[in-house]
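A short write-up of the structure that comes next.
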Amino acid sequence: MSRSTATRLGPDALAAVLETLPDGVLVLDADCAIDYVNPAGAALVGRHAAELTGRSLRGALPEASGTSLHTFLLHARNTGAPVSWQGFYPPAGRWLTVTAVLVGDRLQVSFRETTDRPNERIGQAGRTEDAPVDDAADRDRLHYLAEVSETMIATLDTGESAAQLAELAVRRLCDWAVVALTGEDGGHGEQASAHRDPAHRADLNTYLRGRLPDTGDDVALVGALRSGQPVQINPIREHLVAPSLPTEEVRAAWRRLQSTSTLIVPLRARGETFGALAMVNSGARPPHTEAEIATAVEVARRGALALDNARLYGRQLRVAETLQHSLLTPPLQPNGVDIAVRYRPAALHQQVGGDWYDAFCQPDGATMLVIGDVVGHNVDAAAAMGQIRSILRGIAYDRPETPAQVLARVDAVLTGLRIGSLATALVARLEPPGDAGSCTLRWSSAGHLPPLLVRPDGSVHVLDTPPERLLGTEFSRPRTDHEVVLRAGDTVVLYTDGLIEHRRTGIDEGIARLTGVLPELADLPLEKLCDQLLDHIVAGRADDDIALLSLRCHAEDAEPAG
């Protein structure tokens with residue numbers, strides 16, 4: 001209908017026409033919310049119009065999610081020209097013929113029940129029955145899309161997610177695939193690829209590693225990223241690819257891939273395009289059909305959501321780790337004592353943020369050592385840790401008090417200012433060593449794990465004391481000090497629970513494992529002892545973040561261990 005005709009008839013007449021039209025009419029806005037559906041359209045999907053209007057398509061018709069019709073509508077929004085689809089819609093038990101076109105930012109859809117069913121077969125008494133081959137194909141497609149969703153949510157590692165998406169694409173949609181992500185700065189980011197034929201994976205790797213970017217053959221990729229719409233290249237033009245092939249090795253690998261056509265689908269989530277899925281057909285395999293493009297759009301949509309979650313997780317992890325590292329300053333190295341520290345973040349950002357260590361000198365020359373762990377995790381725990389660490393450091397520097405007195409004053413500040421965070425902490429004061437290299441270590445524990453004393457002969461002593469309340473509690477029971485004399489060569493290890501509870505190990509079992517490893521490391525330089533201890537106990541990323549502080553006494557005139 002032309003604009004002049006619409007103007008002449010007026011909105012009331014147009015509404016009357018649509019309301020009485022035997023075909024279904026559906027209008028979706030830019031956010032896939034239903035602006036309008038006529039009674040015939042609502043009846044075709046088994047609903048009343050009032051139930052659908054004003055709601056999102058996914059919320060109004062949740063049973064349609066993942067069906068061929070739903071994927072077709074998503075594809076139609078990304079296509080400039082009118083597109084049509086015919087197929088079986090399982091929720092309503094009907095075969096439909098659907099046409100859709102994007103006008104402005106609204107998707108206008110018309111649809112009707114079709115009597116011209118493909119592969120139709122006649123049942124008993126002349127009744128028409130659904131073609132089992134098409135019904136089975138639709139169920140198979142839904143199973144494939146469900147597999148995409150289930151596989152993609154199994155990891156929060158961006159590189160692994162990209163590799164899985166490429167593997168899922170070659171399983172059904174193409175001969176080889178590349179997932180290319182943009183970096184945080186807008187430049188080239190992570191890339192993953194897959195080939196359905198293991199014999200050609202080496203050729204694909206050679207081509208991707210050796211090709212020259214920005215030489216003209218990635219115009220379609222750039223176009224897809226800018227437009228947010230799928231781009232099909234059929235056929236692949238050899239003269240456009242040639243400038244990107246710098247060596248005979250790369251050219252030979254490209255020839256063996258026998259690439260003939262490409263479909264590039266953008267990866268979008270939360271309104272941002274951050275990559276693309278390129279699917280390439282080889283040899284005699286024909287270009288992607290409209291149905292395959294619709295499926296590819298849905299695969300890319302589901303993959304993009306999972307990849308976006310992985311990217312968001314990575315950002316949160318980097319924020320928590322950066323904040324944590326910025327608060328954990330290098331320790332001082334007083335005369336007669338070696339001090340080494342380590343911090344290892346957790347594999348999951350939800351577990352990063354609460355552990356800290358500190359070492360500094362008091363005005364009277366004593367060395368204060370602190371290890372602690374805020375209750376809770378993530379960025380909020382890192383921020384709370386920063387507060388508690390600063391309060392404790394300021395109070396401990398203010399006057400030469402014992403560790404118990406320091407902890408008592410920290411309690412008063414935390415409760416008085418209503419900071420509301422709880423933490424375990426162990427504060428130790430190391431007196432300057434005498435001529436013989438011996439010194440006194442006094443400590444007080446606010447619910448923290450006991451220090452471990454390692455003698456030069458390899459014997460390990462757990463400096464266990466009666467448990468006392470955490471920092472930040474409002475109980476007034478006095479805190480107590482404990483002390484031990486350290487001789488030259490003695491090593492003290494302070495640690496947080498991420499070290500002993502790795503892989504869900506209990507506290508007693510974890511401490512026993514730690515004391516079993518330390519004798520083997522007693523004669524190592526302190527820095528190496530810390531590294532070896534972490535490597536023995538925690539291989540790779542930890543379940544929880546870990547703070548480790550070790551000190552070793554030596555004669556004042558001796559050279560520190562390297």
Open item on the list: How long is the straight-line distance from CG of Asp355 back to CG of Asp545, given to the nearest 0.5 Å?
Closed with: 3.5 Å
Task: Trp443 and His482 aromatic ring geometry - parallel, tilted or perpendicular at 30°/60° bounds - done: tilted
Open item on the list: Distance alone, cut at 3.5 Å: any donor-acceptor contact between the side chains of Asp481 and Thr402?
Closed with: yes
Table please: side-chain donor-acceptor pairs of residues 414-422 below 3.5 Å, with sequence neighbours left out.
unit_1 : atom_1 : unit_2 : atom_2 : d
Thr415 : OG1    : Asp411 : O      : 2.9
Thr415 : OG1    : Ala412 : O      : 3.2

Task: Cation over ring face, Arg268 and Phe274, 6.0 Å, 45° - done: no
- [ ] List in chain and number order the residues that pass side chain to side chain donor-acceptor pair (under 3.5 Å) with Glu520, two or more places apart in sequence or in another chain; answer none if no residue qualifies.
- [x] none
Task: Carboxylate-amine/guanidinium proximity below 4.0 Å for Glu431 and Arg442 - done: yes
Task: Intermediate values then yes/no, side chain to side chain contact (heavy atoms under 4.5 Å, CB included), Gln191 and Leu181 - done: CA-CA 6 Å; Gln191 179 176 284; Leu181 306 179; over 6 Å; no
Open item on the list: Are there over 12 heavy-atom neighbours, none belonging to Asp457, within less than 6.0 Å of that residue's CG?
Closed with: yes
TODO: List for me each residue that meets salt bridge (charged side-chain N to carboxylate O under 4.0 Å, His left out) alongside Asp490, sequence neighbours excluded, and say none if there are none.
DONE: Arg455
Open item on the list: Side chains of Ser193 and Asn205, heavy atoms from C-beta outward: is any pair under 4.5 Å?
Closed with: yes
Task: Atom pair CG/CD1 of Leu61 and Ile34 - distance to nearest 0.5 Å - done: 5.5 Å
